[in-house]
*Asks:* 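Have a look at this one before I ask anything.
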Amino acid sequence: MSRDYSKSYYSTDTKIDEDQRSLQREIRLARNIQMQLLNSCNLEIDNGRLTGSSIPARLIGGDYYDFYKLPNGKIRIVIGDVMGKGIPAAMLMILTRGAFRSAAESTSGPGETLTAMNNAIYEDLKKLRSFVTIFCCDWDAEENTLTYANAGHVLPLHVQNGRVNPIESVEGVMLGGLPDQIYPEKSFKIEHSDVLFFYTDGIIEAQNEHGEFYKLDRLKETLLNNYHSSADELEEAVVDHIFGFTKNQPQKDDITMVILQNDAENASLKGFNSPMNT
Amino acid sequence: MSLKIKQIEHNSTHFELIIEGILDISTRSAFDQAFQQMESIDKLEIDLKNLEFIDSTGIGGIMDIIFASQEQSFKLSINNMNLEIEEIFNTLGMFKIMESLQVERCRT
């Protein structure tokens, strides 16, 4: 006697479809939460312009940037990259954001902020075998100075008088690398119409169809060709140039940038997230 | 380019892993597997001479072995990385971690 399995097959397929739809819905909700949190940094300031954007390689990502207006009028800027990609990295990115927001309130400078963040999340990161790289700085738009500390992140590029160079290196171990870390600080003057470009390695490691990397040289060239434009236009030019280089290749890593433009005509600060490229 | 791992057994407790190619999110599991296959380690050498690219997930794999060397009390040395990989290690503070956890580093 033969049995009819078609109904049970149908039921199983339907269950899988429902599970997949449910999972997709939850991931989209998680993406919305992440985008809202990254979007929450709209501030108005004088003497400059600051923009940020992040394009995750998957629905959600592990890159992070934030701007925080301090009671003394300075702006604390942070950009970071969690090890890995996708949902696990996104969960740790939220942990990192919480550590930054708590530390920013109670610490006097970027070095202390990184120390407080490492103290807060070191044990969790060690347990999870993960780490986070973070660059943190205070922008004083009145005095035109930038004071910074670094926890293993790629150094920002300083565009000045037609030249692009990384800012002077300052040592610091990534968060989750070692406990009880002190992060030294350095400062420098930002001149009129200088641009600071903060980024994550997803930009220089973007690959084309031949497996070639976008690399620092292409990024520097794009910045040099466009740094007289507004911060928004510069950001658009960088994104266009990267995707022009990679063409239809799938994006392998999250791409995040923050642009600080000193003495821009339209003094304001905003953060936004670009729609994900699919 | 993918990842190639050559394992040399100098003796029953002294091993060497020679890493070639790309250590990233797509190859990390092969790297982890190569390490997990070794038992009773007293000394492990990792040769990165022909490592062409490493991303944060790959760095996580190296970190795992560094922490394992502390937990399992074996001697670890990470050797012969090229200048690009050395720069990445330097930026991340990996050399400070290695120094702090007594991981050796050799250049040829």
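Convention: sequence-line order gives letters A, B, ...; per-chain numbering from 1. Computed from a prediction, not measured in an experiment: that's the story for all the values here.
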*Asks:* Do A:Arg129 and B:Asp32 meet the salt-bridge criterion of a basic N to acidic O distance under 4.0 Å?
*Replies:* no
*Asks:* Count the heavy atoms belonging to other residues, nucleotides or ligands that lie under 6.0 Å from NZ of A:Lys252, then report whether that count exceeds 12.
*Replies:* no
*Asks:* Heavy-atom distances under 4.5 Å only: say whether B:Ile25 touches chain A with side chain, backbone, both or neither.
*Replies:* side chain
*Asks:* By the definition side chain to side chain contact (heavy atoms under 4.5 Å, CB included), identify the one residue from A:Gln181, A:Met174, A:Glu171 that meets it with B:Lys96.
*Replies:* A:Gln181
*Asks:* Can you tell which part of A:Lys126 gets under 4.5 Å to a heavy atom of chain B, answering side chain, backbone, both or neither?
*Replies:* side chain
*Asks:* Using a cut-off of 6.0 Å, state whether more than 12 heavy atoms not belonging to B:Glu99 lie near its atom CD.
*Replies:* no
*Asks:* Please classify the contact between B:Phe53 and chain A as side chain, backbone, both or neither, with a heavy-atom cut-off of under 4.5 Å.
*Replies:* side chain
*Asks:* Step through the shown structure and confirm whether more than 12 heavy atoms of other residues, nucleotides or ligands are within 6.0 Å of CD on A:Gln249.
*Replies:* yes
*Asks:* Which residues from residues 56-65 of chain B are near chain A, with near meaning under 4.5 Å between non-hydrogen atoms?
*Replies:* B:Ser56, B:Thr57, B:Ile59, B:Gly60, B:Met63, B:Asp64
*Asks:* Heavy-atom count around B:Glu87 CD within 6.0 Å, excluding the residue itself: above 12?
*Replies:* no
*Asks:* Can you confirm whether B:Asp55 sits close enough to A:Lys85 that some side-chain heavy atom of one is under 4.5 Å from a side-chain heavy atom of the other?
*Replies:* yes
*Asks:* Would one find more than 12 heavy atoms of other residues, nucleotides or ligands at under 6.0 Å from atom CD of B:Glu84?
*Replies:* no
*Asks:* Can you tell me which portion of B:Ser100 sits under 4.5 Å from chain A's heavy atoms? Options are side chain, backbone, both or neither.
*Replies:* side chain
*Asks:* More than 12 foreign heavy atoms under 6.0 Å from CD of A:Glu209: is that the case here?
*Replies:* yes
*Asks:* Near A:Asn248 CG, under 6.0 Å, is it more than 12 heavy atoms from other residues, nucleotides or ligands?
*Replies:* no
